[in-house]
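Every chain is numbered from 1 and lettered A, B, ... according to where its sequence line falls, protein lines coming before strand lines.
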2 protein chains.
Amino acid sequence: MVAFTRPTVQMLRLSRKSDYALVALKALRALGPGDALSARELASRFGLPVDLTPKVLARLAQAGLVQATLGKTGGYRLARDAESITVAEVVRILDGDPELAPCREGILECNRIADCDLRHPLGNLQREMMNVLDRMTLANL
Amino acid sequence: MVAFTRPTVQMLRLSRKSDYALVALKALRALGPGDALSARELASRFGLPVDLTPKVLARLAQAGLVQATLGKTGGYRLARDAESITVAEVVRILDGDPELAPCREGILECNRIADCDLRHPLGNLQREMMNVLDRMTLANL
DNA sequence: GTAAAGGCGACCAATCTGGTCCGATATTAG
DNA sequence: CTAATATCGGACCAGATTGGTCGCCTTTAC
Ligand code: SF4
Ligand code: SF4
């Protein structure tokens with residue numbers, strides 16, 4: 001019953017969580033020095049999933065990117081300079097360290113993994129890609 | 001019954017099809033000028049899925065990366081210089097043009113898409129990423 | 001004490017990917 | 001002619017990941 005189910009490419013894509021995280025971080029960055037924003041406020045302001053947003057923020061807090069204040073008037077604020085927060089770091093926090101080559105997908109392991117002349121070049125590629133994501137900071141995005 | 005089901009990150013990853021394509025292309029590159037390899041041979045030599053390999057090769061043939069020879073002694077060979085075949089091109093052929101930002105996931109469309117100051121920066125990032133993949137040719141991988 | 005906030009774990013539904021199984025046709029070597 | 005190859009198409013399903021929700025608990029402001 002859906003009009004256009006354009007199949008979407010999942011590969012080489014940012015996860016939704018990372019996207020949400022970037023949205024939230026960007027909002028926190030625009031905050032005054034003493035202010036804070038609650039997860040609920042962030043969610044309602046940007047239309048993010050209400051129950052998922054706190055989880056994302058919590059991960060960021062664990063990782064030390066944002067600082068959480070408990071209590072009734074609590075909320076989140078940036079814990080570090082916006083210049084030191086990169087897209088790559090956010091991705092690592094929320095999705096884990098990605099591997100470009102699909103050598104191990106879940107339980108499946110590629111049977112050529114022992115002797116494959118593709119792994120190392122792809123590893124280099126991956127590092128280059130992450131470097132790109134690492135050069136993009138919260139400040140200049 | 002599986003020992004370590006390490007959850008794998010699907011994001012920022014090459015699809016299996018693209019991986020297979022690279023494996024096959026690399027093998028074709030090592031071929032003599034007049035020789036060719038059949039999909040069946042490629043599959044058995046590298047342990048690729050027998051029924052999927054012809055499909056992948058067919059896509060590459062459509063795109064003009066490899067040349068298919070019909071008939072009993074047919075097979076595939078590279079149709080272009082290895083220097084002109086890039087990882088990015090293979091990905092585009094097999095998975096489509098990836099978008100870094102998950103603005104549209106299938107039917108879902110992000111509700112902030114109209115006014116989002118994240119899209120354009122992420123678009124730039126995406127272009128940079130694809131440039132990285134575009135600089136890696138079949139020759140120097 | 002109460003309300004509002006964060007933290008955490010478990011769970012379920014939607015979705016995508018990969019892989020398989022079909023079938024039919026054109027082409028070429030031998 | 002026969003066999004083996006490529007081409008094209010589609011339908012289908014099982015596995016895995018992702019995203020989203022629910023529920024309960026702790027902490028803090030007022
Ligand atoms: S073929 Fe090589 S690169 Fe691709 S998955 Fe297997 S081991 Fe990794
Ligand atoms: S928030 Fe912006 S970048 Fe992220 S999906 Fe929505 S529109 Fe795209």
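Contacts with DNA chain C (heavy atom under 4.0 Å) in residues 14-22 of chain A: none are found. Contacts with DNA chain C (heavy atom under 4.0 Å) in residues 29-44 of chain A: A/S38, A/A39, A/R40, listed by number.
Residue A/Q62 places at least one side-chain N or O under 4.0 Å from the OP1 or OP2 atom of C/dC8.
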What side-chain donor-acceptor pairs closer than 3.5 Å can you find for residues 64-79 of chain A, not counting sequence neighbours?
unit_1 : atom_1 : unit_2 : atom_2 : d
A/T69  : OG1    : A/R77  : NH2    : 3.2

Side-chain donor-acceptor contacts of residues 133-141 of chain A below 3.5 Å, not counting sequence neighbours, with atom names and distances?
unit_1 : atom_1 : unit_2 : atom_2 : d
A/D134 : OD1    : A/T86  : OG1    : 2.9
A/T137 : OG1    : A/A139 : N      : 3.2
A/T137 : OG1    : A/N140 : N      : 3.3
A/T137 : OG1    : A/N140 : OD1    : 2.8
A/N140 : OD1    : A/T137 : N      : 3.0

Which donor-acceptor pairs under 3.5 Å do side chains of residues 27-44 of chain A form with protein atoms, sequence neighbours excluded?
unit_1 : atom_1 : unit_2 : atom_2 : d
A/S38  : OG     : A/E41  : N      : 3.0
A/E41  : OE2    : A/R45  : NH2    : 3.1
A/S44  : OG     : A/E41  : O      : 3.3

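For the side-chain hydrogen bond (donor to acceptor under 3.5 Å, both in side chains) test, no residue two or more places apart in sequence or in another chain qualifies with B/D115. In terms of the salt bridge (Lys or Arg N to Asp or Glu O under 4.0 Å) criterion, residue partners of B/D97 (sequence neighbours excluded) are, by chain and number, B/R92. Partners of A/K55 according to the salt bridge (Lys or Arg N to Asp or Glu O under 4.0 Å) rule, which considers only residues two or more places apart in sequence or in another chain, do not exist here. Remark: B/E128 pairs with no residue by the salt bridge (Lys or Arg N to Asp or Glu O under 4.0 Å) rule, at least two apart or across chains. With sequence neighbours left out, A/D81 forms a salt bridge (Lys or Arg N to Asp or Glu O under 4.0 Å) with no residue at all.
With rounding to whole Å, B/R104 atom CZ is found 14 Å from C/dC16 atom P. In this structure, B/R13 places its CZ atom 13 Å from P of D/dA16, rounding to the nearest Å. The distance from atom CZ of B/R59 to atom C1' of D/dA6 is 16 Å, rounded to the nearest whole Å. Across the protein-nucleic acid pair, A/L60 atom CG and C/dG7 atom P stand 10 Å apart, rounded to whole Å. If you take CG of A/L12 and C1' of C/dC16, they are 15 Å apart, rounded to a whole angstrom. One interatomic measurement links the two molecules: CD of B/E105 to C1' of C/dT17, which rounds to 14 Å at whole-angstrom precision. Atom P of nucleotide C/dA4 and atom CG of A/L57 are separated by 19 Å, given to the nearest angstrom. Put simply, CD on A/Q10 is 8 Å from C1' on D/dT17, counting in whole angstrom units.
Place A/M11 and A/P54 on DNA chain C by their nearest nucleotides, and A/P54 ends up nearer the 5' end.
Salt bridge absent: B/E99 and B/R119 never bring a charged side-chain N and a carboxylate O closer than 4.0 Å.
Counting only residues at least two apart or in different chains, salt bridge (Lys or Arg N to Asp or Glu O under 4.0 Å) contacts with residues 58-67 of chain A are absent.
Proximity of A/L122 to A/L125: side-chain heavy atoms (C-beta onward) are separated by under 4.5 Å at one or more points.
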Within the sub-3.5 Å range, which N or O atoms of nucleotides 21-30 of chain D have a protein N or O partner, and how far apart are they?
unit_1 : atom_1 : unit_2 : atom_2 : d
D/dT28 : O2     : A/K72  : N      : 3.4

